[in-house]
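Just so you know, these numbers come straight off a predicted model, no measurement behind them. Letters go in sequence order (proteins before strands), and every chain restarts at 1.
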Number of protein chains: 2
Amino acid sequence: MDNINIKELARALGLSTSTVSRAFRDNSDISKETKERILSMAKQLNYQPNHYASNLREQRSKTIAVIVPELANNFFSQAIHGIERVAREKGYHILIYATEDDFAKEVSFIRHLHNGRADGIIMSVSGEANDHTYLNELAKKRLPLVFFDRVYEDIITPRVITNDYQSSFIAIQHLIKQGCKRIAYLVINKNLSIGKTRMQGYIDALAKFNIPFDEDLIIDCTQSYKKNHVILKDMLKKIKPDGVFTSVERLAFATYYACYELNVNIPDQLKVIGFSSLEIAPLLNPSLSTITQPATKIGIEAAELLFKMLEDPLSVDPHKRVVLDSKLVKRNSTGA
Amino acid sequence: MDNINIKELARALGLSTSTVSRAFRDNSDISKETKERILSMAKQLNYQPNHYASNLREQRSKTIAVIVPELANNFFSQAIHGIERVAREKGYHILIYATEDDFAKEVSFIRHLHNGRADGIIMSVSGEANDHTYLNELAKKRLPLVFFDRVYEDIITPRVITNDYQSSFIAIQHLIKQGCKRIAYLVINKNLSIGKTRMQGYIDALAKFNIPFDEDLIIDCTQSYKKNHVILKDMLKKIKPDGVFTSVERLAFATYYACYELNVNIPDQLKVIGFSSLEIAPLLNPSLSTITQPATKIGIEAAELLFKMLEDPLSVDPHKRVVLDSKLVKRNSTGA
DNA sequence: TTGTAGGCGTTATCAA
DNA sequence: TTGATAACGCCTACAA
């Protein structure tokens, strides 16, 4: 009764293992009668085909790996949710890996995946300022890879991103129209492509309104909550911006905390807007103006792209870029 | 160069597959010299042992499955984060399944896992009002199971929970001390054990202060955001409570939205407190008083319990209950 | 210390 | 339509 396998099932029915195996595959020839007999007995004994044996035999795992920088982040948990939905529909399972923004972990995860553990990978990257050639080995193993949101520009593989440049441009334009003249740009790592793209929108929007670009207003933050808190309080006191544009959600929260502590009024003294997928942005004090990315949609699109590659690798151009639109939502933090 | 296996690696080195295999296992006898030669060649050829072949041979997957009701929820993403950390340390991978509070999906996931796909399961359940005997089959397959947070009382298996009764009691006591006399209890499904336990704390706290229990103040909400919005607005208008205690995070948000719409001032006209793992509760308008569960810690404890069972099934009493303390954090929504 | 051989559970090929 | 058999890649007795 313990671990029933195809052999025992066959014996219980007085059939061979190959016949039993056929009952679970649609294409093979088998009489309806025996098939039903097998399936009913399988149900009765609660037989489940061993996944690892099938995988070994069929050389695929019906599993996709999802690698993200962090899990406790609305954007990524929503994206994973989207991926999970598509995967389940296709009968695939998903493995989750969180790099905690550690490039070494990313490399280690990817290396692990070379062993046939997953049939494909969906990843939002962590280590922009490094050598990414280790990813090229994946192609050799025919392990399809799809990037989403945070990508490596020097690796050619399909990707799902949002219109970061335009979104930033529009956000900054909004701040300027609300009267801001000294807008700080808060970024975790300004060398990351996603940070750069978003910064370019910032720069160009300033230019459009003839506001000079000031290097001091680019604030490079860290992974550490505590350090950021110091950096931001320092910024508020010394740089005295009248607007803040944050490239990631948690920097907006950090700005709020700093303002609370220094009694800086949002939006009167400082207007704040940021990229964020937070569903309760309207409940913040003040409600937070956001550039909202369609996180779940991004996950769904990335998964669908990956499945297309799995079905036919040639059907997807490696240069494929799916660009989804983010949405500017004006709320009280920008005095709207 | 494509998919290198142990055989090719052996040939490249002029060795047998068994010798090569030994190089990757610590215990076996092998000369240091050959071992190093093998490992360096393995690195050079980027050899990774095929996971499925090993699993098939060793009859275990070095993978644990995590089943949760939802992913887009701070509590669960933090818990998963904790599980992931422990699993990675142990060299395990984690498979994620989201039931979306659908009992049928839960059953289907569990059934899938009978096939050796995972060595153990960590689950927060979705289908209280159903037959749970399907879970008993897991024991037969020697698939250890650990519950966390949302559990089935009728299934005997180790669990990690929080002191829900006390937390509710203290929360209600806090509301009463802040002057509340008509406290509504918002619950998703009052028949769920977790809802019941939390409600008992509510009832007993009322009793302690000689406040009569009023059935009308128990508000049974739904999974649907829209329906809840209607229910809550209705409640505010008709039942007119002066305090609200929510058993899950999102009902607190829903209460805020309803109050905003009806211009009910929190905390002057209505005090609100709820179970929530939201890290930015201080940033809400008004800042939200919470009963904060140690989500990450819960995940870590659950994972450690599971690994103990994997190492020695007899070392863990099936009746084991790890009870962690939640923390009452008083903020402005209760006028503190 | 190293090699040989058999089997983990499944599926595909071939023969009956 | 069904059965025997080999193979997927790895690990481990056992033999050398």
Criterion side chain to side chain donor-acceptor pair (under 3.5 Å) on Glu106(A) and Thr99(A), from CA distance to verdict
CA-CA 6 Å; Glu106(A) 178 178 306; Thr99(A) 64; 5.2 Å; no

Filter on side chain to side chain donor-acceptor pair (under 3.5 Å), then keep only pairs touching residues 63-77 of chain A, sequence neighbours left out; what's left?
Thr63(A)-Arg117(B), Glu70(A)-Asn73(A), Glu70(A)-Arg250(A), Asn74(A)-Glu249(A)

Nearest-angstrom distance from the residue atom CG of Asn55(A) to P of dC10(D)
14 Å

For Thr157(B), check side-chain contact (heavy atoms from CB on, under 4.5 Å) against everything at least two apart and list the hits.
Leu145(B), Phe147(B), Ile155(B), Arg159(B)

Would you mind writing out the side-chain donor-acceptor pairs for residues 295-309 of chain A within the sub-3.5 Å range, not counting sequence neighbours?
none

Between C1' on dT1(C) and CD1 on Ile38(B), what's the gap in Å once rounded to a whole number?
11 Å

Taking five pairs at each terminus, the helix from dT1(C)-dA16(D) to dA16(C)-dT1(D) shows an axis bend, to 10°, of 40°

Nearest whole Å is fine: how far is dC10(D) C1' from Arg117(A) CZ?
15 Å

Going by side-chain hydrogen bond (donor to acceptor under 3.5 Å, both in side chains), name the residues that satisfy it together with His112(A), two or more places apart in sequence or in a different chain.
none

Partner set under side-chain contact (heavy atoms from CB on, under 4.5 Å) for Asp131(A), not counting sequence neighbours
Thr133(A)

What pairs meet the salt bridge (charged side-chain N to carboxylate O under 4.0 Å, His left out) rule with one or both residues in residues 41-52 of chain B, with sequence neighbours excluded?
none

Under 3.5 Å, which N/O atoms of the protein pair with N/O atoms of nucleotides 6-9 of chain C?
from   : atom 1 : to       : atom 2 : distance (Å)
dG6(C) : N2     : Arg57(B) : NH1    : 2.7
dG7(C) : N2     : Arg57(B) : NH1    : 3.1
dC8(C) : O3'    : Gln59(B) : NE2    : 3.2
dG9(C) : OP1    : Gln59(B) : NE2    : 3.2
dG9(C) : N2     : Ala53(A) : O      : 3.4

In chain order, what residues pass the side-chain contact (heavy atoms from CB on, under 4.5 Å) check against Ala104(B), with sequence neighbours excluded?
Asp102(B)

Between P of dT11(C) and CG of Leu9(A), the distance in whole Å
12 Å

Only counting residues at least two apart or in another chain, list the ones meeting side-chain hydrogen bond (donor to acceptor under 3.5 Å, both in side chains) with Thr34(B).
Ser31(B)

Residues within residues 11-24 of chain B bordering DNA chain C, heavy-atom distance below 4.0 Å:
Leu15(B), Ser16(B), Ser18(B), Thr19(B), Arg22(B)

Using the ring pair (Phe, Tyr, Trp, His ring centres under 6.0 Å) criterion, which residues pair with Phe75(B)? Sequence neighbours excluded.
none

Would you say Lys105(A) has more than 12 foreign heavy atoms packed within less than 6.0 Å of its NZ?
yes

For Glu8(B) and dC10(D), give me the distance from atom CD to atom C1', rounded to whole Å.
14 Å

Distance, rounded to the nearest Å, where Lys62(B) contributes NZ and dC10(D) contributes C1':
15 Å

